[in-house]
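These notes are about the structure you will find just below.
The shown structure was predicted, so the numbers you read here are calculated from the model rather than taken from an experiment.
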Protein chains: 2
Amino acid sequence: MSQMQNVEKQLREMILGLEVGPGERLTERWIESRFGASRTPVRAALLRLETEGLVCRDGRGWTVSPINLAELEQIAVYREAVEVAALRLTCALEDRSAVDIIEAMLDSCDAGTPREEWHRVGMDFHIELARASGNEFLFRAVRDAMTRLSRARWLEVRDEAALGRAWAEHHAILEAVRAGDAAEAARRLSAHIVGSRDRLVTSLHNDRRGLRARGFAVVAA
Amino acid sequence: MSQMQNVEKQLREMILGLEVGPGERLTERWIESRFGASRTPVRAALLRLETEGLVCRDGRGWTVSPINLAELEQIAVYREAVEVAALRLTCALEDRSAVDIIEAMLDSCDAGTPREEWHRVGMDFHIELARASGNEFLFRAVRDAMTRLSRARWLEVRDEAALGRAWAEHHAILEAVRAGDAAEAARRLSAHIVGSRDRLVTSLHNDRRGLRARGFAVVAA
DNA sequence: GATACCATTTTGGGATACCAAGCCGGTATC
DNA sequence: GATACCGGCTTGGTATCCCAAAATGGTATC
């Protein structure tokens with residue numbers, strides 16, 4: 001793999017994995033030495049990550065994008081629009097076998113599964129559901145939205161019960177899709193997204209002090 | 001303005017203005033000499049334009065993105081989802097004064113207005129309508145979709161009547177928004193988008209030979 | 001005449017040198 | 001002691017150089 005894609009990938013993982021905190025300043029020289037690459041691939045990576053919303057300009061200079069509660073709420077509205085549209089398309093397909101694969105993915109998580117895996121699968125559920133629609137733009141929109149939400153969802157304090165509820169909602173959505181009931185599937189998905197948003201925003205809002213203590217920038221709604 | 005933004009802006013205008021044809025190969029060195037910039041800003045511009053879908057990689061190397069009929073159809077579905085969502089938000093606002101500004105924009109076009117202006121205003125109608133929703137992500141989605149559609153819409157052979165019909169539909173949509181009738185506004189907007197798509201795709205499909213003759217790459221649906 | 005092969009050129013990817021602007025610290029003056 | 005000013009240092013922006021790989025074109029061979 002070329003150095004350019006490598007820097008981009010590694011830096012993205014560092015940001016998503018919170019190894020560099022939201023709001024932290026980034027210098028091209030630091031990234032350069034950190035990954036042993038020169039500034040050309042570093043700049044390419046930063047430009048790409050900027051379009052993904054993971055880094056942003058800070059006057060002259062770069063910052064890891066802060067967690068923005070207002071943005072999270074706007075993304076939820078956006079997600080709802082594109083995910084529901086994708087879901088309706090999927091329900092209209094003759095071949096809905098992708099649903100089985102997605103369901104298997106959900107079922108691969110059990111009590112012994114590490115938290116990161118639950119986190120990843122929880123996002124992939126939505127991403128793969130969108131991919132199944134066959135519409136590249138809806139798919140990308142959902143994938144990008146989930147990327148933007150990723151860090152916030154990771155920081156969310158979730159109890160076992162909340163996780164179980166989310167999984168039950170995921171299964172219920174798939175069930176409606178399998179039955180080809182687009183209206184019901186859309187209703188369930190919308191409710192799931194709105195519920196997720198509320199839990200996420202209140203969790204982060206309540207824990208704001210703790211997050212700030214960890215050096216994470218959280219800008220209020 | 002910095003050289004970097006300059007190259008990006010100028011190159012984007014060349015592409016959108018069809019001064020470089022869809023499917024044409026681009027070399028970094030040509031862009032460099034064309035705009036009197038060095039390769040660093042040229043690369044930054046290409047990376048940005050790639051995410052906008054205006055240029056794409058061609059193995060090693062760059063090409064101006066071809067007109068892709070399948071993509072145009074997918075974008076129409078995507079547009080419908082995000083534009084309708086934005087419209088519903090706008091209808092729910094107390095302050096819908098943006099509608100008046102948008103209407104004035106439409107009315108600024110008359111018989112003496114050059115075609116480029118009709119073209120621009122026709123896109124801005126949708127973009128500004130999305131912006132009025134206040135949701136940054138829906139707005140960006142619409143703007144990006146319109147950018148991707150821009151060249152195809154420019155190549156579309158449109159008669160006076162079709163343009164008049166589009167304007168009438170625009171006005172009808174605004175009327176419903178002003179009345180706060182979200183359901184009716186959504187219906188009209190959906191119909192408008194679907195109609196636009198059909199006219200666009202059939203027009204380009206019929207004119208495919210002519211476009212190829214002008215050296216424009218058009219990949220079929 | 002077609003084709004396979006080799007030299008040359010072109011091209012994008014990467015590295016590095018240079019510059020101007022902004023930030024920070026120190027110092028001198030009041 | 002506070003503040004204004006100055007100089008060095010850091011940083012992103014730009015230009016340029018180098019390299020490997022791929023395209024190109026010409027030639028020799030069959």
Short N/O separations, protein against nucleotides 9-11 of chain D, under 3.5 angstrom:
unit_1, atom_1, unit_2, atom_2, d
dT11(D), O2, R60(A), NH1, 3.2
dT11(D), O2, R60(A), NH2, 2.7

For [X] and [N], give me the distance from atom [atom1] to atom [atom2], rounded to whole Å.
X	N	atom1	atom2	result
L46(B)	dG12(C)	CG	C1'	11 Å
L47(A)	dT14(D)	CG	P	11 Å
N6(B)	dG13(D)	CG	C1'	14 Å
D58(B)	dG13(C)	CG	P	12 Å
E32(A)	dG14(C)	CD	P	13 Å
W30(A)	dG12(D)	CH2	P	12 Å

- Kindly indicate whether the side chain of R43(B) and the base of dG14(C) share any N or O donor-acceptor pair separated by less than 3.5 Å?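 Such a pair exists between side chain and base.
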- Query: Ignoring hydrogens and angles, does a donor from either the side chain of R39(A) or the base of dG14(C) sit under 3.5 Å from an acceptor on the other?
  - Reply: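 Result: no qualifying N/O pair found.
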Salt bridge [X]-[Y], side-chain N to carboxylate O under 4.0 Å:
X	Y	result
E73(B)	R197(B)	no
R140(B)	E136(B)	yes
R12(A)	E52(A)	yes

- Message: My understanding is that only residues two or more places apart in sequence, or in another chain, count here; which of them pass side chain to side chain donor-acceptor pair (under 3.5 Å) with R131(B)?
- Response: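 Scan of R131(B) (side chain to side chain donor-acceptor pair (under 3.5 Å), adjacent residues dropped) gives E128(B).
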- Do E71(A) and R148(A) touch side chain to side chain, with heavy atoms closer than 4.5 Å?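 Touching, per the 4.5 Å side-chain cut-off.
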- Pairwise side-chain contact, S133(A) with L87(A), heavy-atom cut-off 4.5 Å (strictly under):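 The answer is no; the side chains never approach within 4.5 Å.
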- Message: Quick check for you: among dG12(C), dG14(C), dG12(D), whose closest atom lies nearest to any side-chain atom of T40(A)?
- Response: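 Minimum distance to the T40(A) side chain belongs to dG14(C).
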- Results of ring-ring contact (aromatic ring centres under 6.0 Å, His included) for H205(A) - residues two or more places apart only: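 Applying ring-ring contact (aromatic ring centres under 6.0 Å, His included) to H205(A) gives none.
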- Item | Base-pairing mate for dC30(C) - Watson-Crick or G-U, with both contacts under 3.5 Å |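 Pairing partner, where one exists within any strand: dG1(D).
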- Task: Give a yes/no on whether any side-chain N or O of S38(B) is located under 4.0 angstrom from OP1 or OP2 of dT14(D).
- Result: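 The answer is no; no side-chain N or O of S38(B) sits under 4.0 Å from OP1 or OP2.
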